[in-house]
S.K.: 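First the structure, which I've put down as structure tokens, then a few questions once you've had a look.
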Amino acid sequence: MLELRLVQGSLLKKVLEAIKELVTDANFDCSATGFSLQAMDSSHVALVALLLRSEGFEHYRCDRNLSMGMNLNNVSKMLRCAGNDDIITLKADDGSDTVTFMFESPNQDKIADFEMKLMDIDSEHLGIPEAEYHAIVKMPSAEFARICKDLSSIGDTVVISVTKEGVKFSTRGDIGNANIVCRQNTTVDKPEEATIIEMQEPVSLTFALRYMNSFTKATPLSNTVTISLSSELPVVVEYKVADMGYIRFYLAPKIED
Amino acid sequence: SETQHLLTNFFHLS
């Protein structure tokens, strides 16, 4: 028996919008720790890791570990039927091949349930080792989204370089090239507007902008984004999901032959 | 030119 009640149902709606472009089908795993997902995109270049901790749910019942295969486009179709203020409850019986999404309006005058068929998915789970990152950049998520969008109108790849001067996003294409430098800036009115750069050593890596743009679909989840870089390692682009968890996107770098 | 690496070059299937 599985029953997860999320008062801030809009978080789940935003999570689905954030990942459905990157991944088509995925297994959602439920355990005592929380509700999680790990899935690679079809070309095995990018990975999304989601964790919503059990403490973040108003009610969290998961009698045994359960893996539920879902088509994310179909989940998104279901969740789009929930109002932004609705409370969302996920329910599944042991051994059932369906999951039920229950939507309750805030004043309880409308209750809907949508039952969705589950599917068998052969999932490939990657072991992601703990890593020490050479540079960690925390910046406003809207700013990062704007940079990725702007650069993708010029080129296909972005070089992200962190030095003590700041973080530089560069691209080049047929029509020309572009460089955007963001300096550390902590003298802002609100903490979420700050750009904070923690650098152990300079790092410069190249990534496909198409994937970066896909990650920025998570922007509505959080005012800030954290970008962790190490030479010779995939970048981690992390968005917090309120105080209950995170979405982390991993992207393998392009490396000079 | 640059080669797009796969995640499996860095992380192993578990």
Side-chain angles (χ1 to χ4, degrees), chain A residues 22-23 27 29 36 38-49 67 122-133 155-160 170-173 204-212 215 228-237 248-257, chain B:
Chain A
L22 196 67
V23 176
N27 283 315
D29 298 313
S36 65
Q38 193 207 81
M40 275 191 283
D41 81 298
S42 59
S43 49
H44 289 200
V45 166
L47 176 143
V48 55
S67 191
D122 287 331
S123 68
E124 293 172 300
H125 210 267
L126 288 183
I128 301 169
E130 287 288 319
E132 290 281 326
Y133 285 93
D156 297 328
T157 60
V158 58
V159 181
I160 306 179
S170 311
T171 193
R172 55 181 61 249
S204 182
L205 285 162
T206 305
F207 301 101
L209 271 169
R210 183 165 71 87
Y211 291 99
M212 286 289 179
F215 302 164
S228 303
L229 299 144
S230 257
S231 47
E232 310 291 319
L233 269 187
V235 63
V236 190
V237 179
R248 290 179 186 151
F249 297 102
Y250 295 82
L251 177 60
K254 291 183 157 219
I255 295 175
E256 201 79 37
D257 286 334
Chain B
S1 71
E2 289 157 334
T3 303
Q4 174 65 66
H5 278 249
L6 301 178
L7 277 173
T8 43
N9 295 143
F10 305 93
F11 303 148
H12 295 291
L13 290 167
S14 59

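Source: prediction; values computed, not measured. What's counted below: heavy atoms across the whole structure, side chains too, no hydrogens, waters or symmetry copies. Here is the naming used below: chain letters follow the sequence lines, and residue numbers restart at 1 for every chain.
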S.K.: Are there donor-acceptor pairs under 3.5 Å across chain B and chain A? List atom names and distances.
M.R.:
unit_1	atom_1	unit_2	atom_2	d
B:S1	O	A:D257	N	3.0
B:S1	OG	A:D257	OD2	3.3
B:T3	N	A:I255	O	2.8
B:T3	O	A:I255	N	2.9
B:T3	OG1	A:D257	OD1	2.2
B:T3	OG1	A:D257	OD2	3.2
B:Q4	NE2	A:A252	O	3.0
B:H5	N	A:P253	O	3.2
B:L7	N	A:H44	O	2.9
B:H12	O	A:G127	N	2.8
B:S14	N	A:H125	O	2.6
B:S14	OG	A:H125	O	3.1

S.K.: What's the shortest heavy-atom distance between B:L6 and A:V45, and which atoms?
M.R.: CD2-CG2, 4.0 Å
S.K.: Could you check whether any side-chain heavy atom of A:P253 comes within less than 4.5 Å of a side-chain heavy atom of B:F10, counting everything from C-beta outward?
M.R.: yes
S.K.: Taking all non-hydrogen atoms of both residues into account, name the closest pair between A:G127 and B:F11 and its distance.
M.R.: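 Of all heavy-atom pairs spanning A:G127 and B:F11, the closest is O-CB, 3.5 Å.
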